[in-house]
Each structure stands twice: as C-alpha cells, then as structure tokens.
There are 2 protein chains.
Amino acid sequence: MGKKISMAVIRRLPRYYRYLADLLRVDIKRISSKELSERMGITASQIRQDLNCFGGFGQQGYGYNVETLYREIGKILGVERRFKTIIIGAGNMGNALANYENFRNRGFDLIGIFDIDPNRVGHIINGIEIMHMDKLEGFMKNNVVDIAILTVPSHSISEVAEKVAELGVKGIWNFSPQDLKLSHDVVIENVHLSDGLAVLGYRIKEQEQNRV
Amino acid sequence: MGKKISMAVIRRLPRYYRYLADLLRVDIKRISSKELSERMGITASQIRQDLNCFGGFGQQGYGYNVETLYREIGKILGVERRFKTIIIGAGNMGNALANYENFRNRGFDLIGIFDIDPNRVGHIINGIEIMHMDKLEGFMKNNVVDIAILTVPSHSISEVAEKVAELGVKGIWNFSPQDLKLSHDVVIENVHLSDGLAVLGYRIKEQEQNRV
DNA sequence: CAACGCTTGACAAAAAAATCACAAAGATGA
DNA sequence: TCATCTTTGTGATTTTTTTGTCAAGCGTTG
C-alpha cells in the first residue's frame, strides 16, 4: 500500500456513494462508468481512475456491480465503523444537526449535546437531553467520544476546540466562521457555510454580466 | 478583460475576506503576503498570484493595505450588491439559516420564508412570518427574488427547484442531499453537509492507521 | 539623498489533476 | 463455439494548479 490517494479523490467519494445509493433504491444492478458519468456530469475516465485507486471493482464488458461498489466505497469511507459523536452548542444549527437523521445511517451516533445556556439545559433534542458544559469533562472521561461537532459562537470556538482536543476527541467538525487550527493531531473539517453563499453571489453576478 | 479566473481562486476569496476582516477587527493596517500566508497556512506565492488575478492591490516594499484589499475582495464577491433571498423549508435547517446574522452583512437580505406545513405557517422567524407554499408564486411575482435557499426534503427538492427557477430566481443554494441539475440557467450551489462529515470519518480512520 | 531591505508582480518550473486512447478481457448472441 | 460488442484498467498526454525565483519598485533609515 505505497501510493497515497489524493484528497481530490477522497472528496468525490461521498458523491459516488450518494449516486450509488440512488441506483440501489431504484433497483439498478449494474452501471458502466459511461452511464454513471452522464448522470453525475463528470467524465467516465475520471470515475474509472478514481475507483481504481482502491482496486479494480469493475469488470470489462460488464461495468460495475452497484451493490458491491456501494459497499466498497462505504468501507473506504468508514461507514461500517461507528463514530461516537457529540454536539457542542445547542443553538439553531446544533438543533438542526442533532435532528439530521442521515448522520446515523452514515455511522455517526449522537451520544451527547452540550450548551452553556442554563435555559437550554434539560431540553431534549432527538431523544438526547442537553447537558451543561460543566458536565463535558466528566462525560468525556466516562465515554469514548470520537467526534465533536462545534456549533458555538466564534468567540468561544478555539477555547472549546482546545478543550475537546485535550479530552481526546479524534475529529472536529467546525461550524464557526473562524478557521480552526490546533496543535494536537486532531482531524478538523471546517464548514464555512457562508463561503458557499458568497461564491453563489459571485457566480450570479458573473452570469448577469456574461448575458449582456 | 480576456483572462477568466478559475473556480479554485474564486473559492479561496471568501477565506481571504474572512482573514482580512479579522485583521481589520484588531486594527492591523497593512499585511504582507508572507505574513498572511503564515496565518492562513498557504504559500505567499499563492496569495500574490490569487490577488493578482484581479489587479495589483499590493505595493512593493509595503505589502497590502488591509482595508483596501478587504474592500476590493468584497467588490469582487459582490458584497456591495444586495441579493433578495427567500428560504423554502422552515424545518430545523431553514430555521438555523434564517437566524444566521452573518448573511445580512454579506449582502443577502432575507425577505421571505415558506413551508408547506400549516402548523408552521404564521410563525415568525427572525422577524419574518412563515408563509404557505401556496403563496410562493404570488410573492415572487410581486417581489424580485434573486436567491432561493432550499431546505426541503429530498423527495420534493427537484419540484421546488423547478418552480423557483421558472419564477425567475437567479441562484439556488441547495441543502438537500440530492444534487440539483436544472435546464434553466440558474446558478446552483449544492451544499451536502454529510459529505464533509464522511470525509472527516475517512480522515480519522486514516490517521488511526498511520499512527500504528 | 543614497543605500539597504523588504515585498510585489510576473514569469518559469514543478506538481497535481483531469482527460485521452487503447490493449485486454469478459459479456453477449447467433 | 466463435465473432462481435462492451467496458475496464492503465500508461501517456494534456491541462490546471501550485510553487519557486527574481528583477524592479517602494519604503525606511541614517
């Protein structure tokens, strides 16, 4: 296993995974890179090359078996593994994420929700009671927590991130507009929703100009 | 204006914009590509090349004037322009987005929220009353709507998207896990939150293996 | 005001990513 | 069974993106 796979490929995998799930749902058993490429709007060549990074799942003259391919990509992404997950920050975004059913299907088990606001503590979201931040340390010493989803205000993001990192979290999903960088070797995914919106604005502006 | 700017560059602009806002906040007047590169964790060369796509904002021996650069990037992204925006789907995610104050600062004015659920209609989010989907068409004929944020369930996403496209929306910000593709020339940004989470899972798995 | 140091903008080089093209192998059908 | 058709996997090629380099220009200092 010498060759390392580029992030560009990895970031496409969830998309393949989604499309394959769609195919399974409508009971399509096999798919060629060509047909998949048409559905996804990328080149067949790219699909073949991407999938080949992980081994030859396809068969000449036949294509790919949808179920096998789905399972294999799932394995690569780690869907078979369960990640114990907590949410810190039970505001609107925390709420929305806590209620997002898809996460469980993808291997992420929500086991705790924390907030600093006493008015929120005690409320139940999606079957889980919101705990006060004071309880975080104790909770994390009694439970293995793999991932912390941070939906706290910008001004406290780095403090909270440091804390969960020290307490042994393996990954952080950061929803604050502030980029996170930690000394610990914790994997971080920054989301930055509004960046996407800004790009949307740019593209609209550009299209309006081009139409003239 | 012959040369076209690559998406790779565009997608970095909001990040520059954020960092510059941070600098302004702490009253830093000037910044060199070298120092900015250290803060952002990218190469100085890339920063200079990116910024140069839009014209020479910098000055030899001095660096970049933070405020000027901030304003210029804002202009490129279209922050000075206002986008009239509606949200369709007042569930948890729609709620979270409706309450996200940052949007207004970035040029996006929320002027309407719609939902199909009669129990939600009439409630007020962030000063705006949720209207029933039946009212959408009338609303869009009486108001210019630039952007529709779609936080509806997957099964109705394409129907709703088609509708707002026909009614003249210029951009769609799609939060459903389903990729959107329309015939109309509407600009679409798909979000796919859970893709990011899946990548986080992959990276954690990978790091665990490498540590062995 | 001259000399020095810093930093940009531009171009060149390198690296990474995407695409092309085709031999090889399995599927299909007569 | 055999010929034909389809489609993969892969090395070569092209394109895109990132990084490196340096002359030229500006600011700063004495």
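Letters A, B, ... are given to chains in the order of the sequence lines, protein chains preceding strands, and every chain is numbered from 1. Note: hydrogens, waters and symmetry copies are ignored here, and every other heavy atom, side chains too, is used.
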Undergrad: dA18(C) phosphate, OP1 or OP2: any side-chain N/O from Q46(A) under 4.0 angstrom?
TA: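 So the side-chain polar atoms of Q46(A) do come within 4.0 Å of the phosphate oxygens OP1 or OP2 of dA18(C), strictly under.
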
Undergrad: Angle between ring planes, F139(A) versus F114(A), binned at 30° and 60°: parallel, tilted or perpendicular?
TA: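 Rings of F139(A) and F114(A): perpendicular, over 60°.
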
Undergrad: Roughly how many Å is it from CG in L36(A) to P in dT7(D), rounded to a whole number?
TA: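 Interatomic distance, CG of L36(A) to P of dT7(D): 13 Å.
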
Undergrad: R48(A) side chain N/O closer than 4.0 Å to the phosphate oxygens (OP1, OP2) of dG9(D)?
TA: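 Negative; the distance criterion is not met.
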
Undergrad: Using only side-chain N and O atoms of T43(B), determine if any of them is under 4.0 Å from OP1 or OP2 of dT19(D).
TA: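 Checking T43(B) against dT19(D): at least one side-chain N or O falls below 4.0 Å of OP1 or OP2.
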
Undergrad: Establish, with yes or no, whether the OP1 or OP2 oxygen of dA17(C) is under 4.0 angstrom from a side-chain nitrogen or oxygen of S6(A).
TA: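 Result: yes.
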
Undergrad: dT7(D) C1' sits how many Å from N52(A) CG, rounded?
TA: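 Rounded to the whole Å, the gap is 13 Å.
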
Undergrad: Measure the distance from CG on L69(A) to P on dT7(D) and round it to the nearest whole Å.
TA: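 In whole Å, dT7(D) P lies 15 Å from L69(A) CG.
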
Undergrad: How many whole angstroms separate atom CZ of R11(B) from atom P of dT17(D)?
TA: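 Checked: the CZ to P distance equals 12 Å.
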
Undergrad: Expressed as a whole number of angstroms, how long is the span from F54(A):CZ to dG9(D):C1'?
TA: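 Computing the F54(A):CZ to dG9(D):C1' distance gives 15 Å.
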
Undergrad: Does dT7(C) have its OP1 or OP2 closer than 4.0 Å to a side-chain nitrogen or oxygen of S33(B)?
TA: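 The answer is no; no side-chain N or O of S33(B) sits under 4.0 Å from OP1 or OP2.
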
Undergrad: Between the base of dT8(D) and the side chain of R30(A), is one N or O donor paired with an acceptor at under 3.5 angstrom?
TA: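 Counting by modelled atom types and ignoring angles, no donor-acceptor contact under 3.5 Å is found here.
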
Undergrad: According to the interplanar angle, ranging from 0 to 90°, do the rings of Y70(B) and Y17(B) count as parallel (below 30°), tilted (30 to 60°) or perpendicular (above 60°)?
TA: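 Ring orientation of Y70(B) relative to Y17(B): parallel.
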
Undergrad: Verify whether one side chain among N190(B) and N174(B) offers a donor that lies under 3.5 Å from an acceptor in the other.
TA: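 Distance-only check passes for N190(B) and N174(B).
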
Undergrad: Nearest nucleotide by nearest heavy atom, which residue falls closer to the 5' end of DNA chain D, Q60(B) or V9(B)?
TA: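 Checking each residue's closest nucleotide, the 5'-ward one belongs to V9(B).
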
Undergrad: Take atom OH of Y64(A) and atom P of dA27(C), then tell me their distance rounded to the nearest Å.
TA: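 Distance check: Y64(A) OH to dA27(C) P gives 15 Å.
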
Undergrad: Any idea how F103(A) and W173(A) line up, ring-wise: parallel (<30°), tilted (30 to 60°), or perpendicular (>60°)?
TA: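 The rings of F103(A) and W173(A) stand perpendicular, inter-plane angle above 60°.
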
Undergrad: Return whichever of Q59(A) or R12(A) has its heavy-atom-nearest nucleotide of DNA chain C closer to the 5' end.
TA: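 First, find each residue's nearest nucleotide; the 5'-ward one identifies R12(A).
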
Undergrad: Nearest to the side chain of S32(A) - dT7(D), dT21(D), dT18(D)?
TA: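 It is dT7(D).
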
Undergrad: On DNA chain D, check which nucleotide each of I42(B) and L51(A) is closest to and give me the residue with the more 5' one.
TA: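 First, find each residue's nearest nucleotide; the 5'-ward one identifies L51(A).
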
Undergrad: Just how far, in rounded Å, is C1' of dT4(D) from OH of Y62(A)?
TA: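 Atom OH in Y62(A) sits about 20 Å away from atom C1' in dT4(D).
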
Undergrad: Without decimals, in angstroms, what is the distance between Q49(B) CD and dT8(C) P?
TA: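 Going from Q49(B) (CD) to dT8(C) (P), I get 14 Å.
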
Undergrad: If each of D50(A) and I31(B) is mapped to the nucleotide of DNA chain C with the nearest heavy atom, which maps nearer the 5' terminus, i.e. the 5' end?
TA: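 Going by which nucleotide is closer to the 5' end, it is I31(B).
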
Undergrad: Between Q178(B) and H155(B), does any side-chain donor sit less than 3.5 Å from a side-chain acceptor?
TA: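 No, no side-chain donor-acceptor contact under 3.5 Å.
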
